[in-house]
Amino acid sequence: DRAGYRQLLAADMVGEPSISADGTHVAIAHRGEGQGLSVLDAFTLESDHVVQRRLVEGGAPDRVAVSPDGDWVVYVDGTTGIASVWAVPFAGGEPTQLTNIDLQRVPGEAPLGFVPPPHEGPLHVEGHAVVWSSPEGDHAVPLP
């Protein structure tokens with residue numbers, strides 16, 4: 001419809017959408033049109049319409065979370081060859097890799113210094129940090 005709701009509902013989502021605490025910001029990882037990879041879109045509910053922004057294209061974003069204040073979208077992406085936690089401003093901008101920076105993939109084993117992403121469920125933002133649990137333990141990294 002004119003407000004953009006049909007487009008939002010028709011997305012081939014990857015994982016669950018994430019909604020800000022006030023309900024006005026939504027981030028969705030979904031399959032790009034005709035692509036095997038996923039993209040990350042942000043939707044903002046304005047007074048009479050929905051504004052959509054493409055935050056990540058050409059990657060494989062998954063396990064998405066919007067910070068409670070709606071300023072950040074955090075997600076897991078394996079674009080570098082190693083699953084890592086990333087953050088991008090909700091308003092748009094360059095994504096920042098938060099974990100596993102400059103690690104080299106080692107066939108059959110985790111590289112030294114590897115921080116595993118969550119195996120199930122999304123990330124969470126608490127204060128100014130991204131937090132999650134994995135079978136290896138609890139993890140937290142600061143937002144940029």
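This one's a predicted model, so the numbers in the text were calculated from it and none came from an experiment.
Between Thr44 and Arg53 the shortest side-chain heavy-atom distance falls below 4.5 Å. Residues Val141 and Trp132 form a side-chain contact, since some pair of their non-hydrogen atoms from C-beta on lies under 4.5 Å apart. For the pair Val131 and Asp138, the minimum side-chain heavy-atom distance is 4.5 Å or more.
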Distance-only donor-acceptor pairs under 3.5 Å for side chains of residues 121-130, two or more places apart:
from	atom 1	to	atom 2	distance (Å)
His128	NE2	Leu143	O	3.4
His128	NE2	Pro144	O	3.3

Can you give the donor-acceptor pairs under 3.5 Å from side chains of residues 84-93 to other protein atoms, not counting sequence neighbours?
from	atom 1	to	atom 2	distance (Å)
Ser84	OG	Ile82	O	3.0
Ser84	OG	Gln97	NE2	3.2
Ser84	OG	Thr99	O	3.4

Output side-chain donor-acceptor pairs under 3.5 Å for residues 100-118, partner residues at least two apart or in another chain, one line each.
from	atom 1	to	atom 2	distance (Å)
Asn100	OD1	Val115	N	2.6
Asn100	ND2	Ala83	O	2.9
Asn100	ND2	Val115	O	2.9

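No side-chain donor-acceptor contact under 3.5 Å links Ser20 to the backbone of Val66.
A single hydrophobic cluster is seen to contain both Val64 and Val56, as judged by linkage of ILVMFWY side chains at heavy-atom distances under 4.5 Å, directly or through other members.
Closest approach of Leu40 and Ala27 over heavy atoms only: CD1-CB, 4.3 Å.
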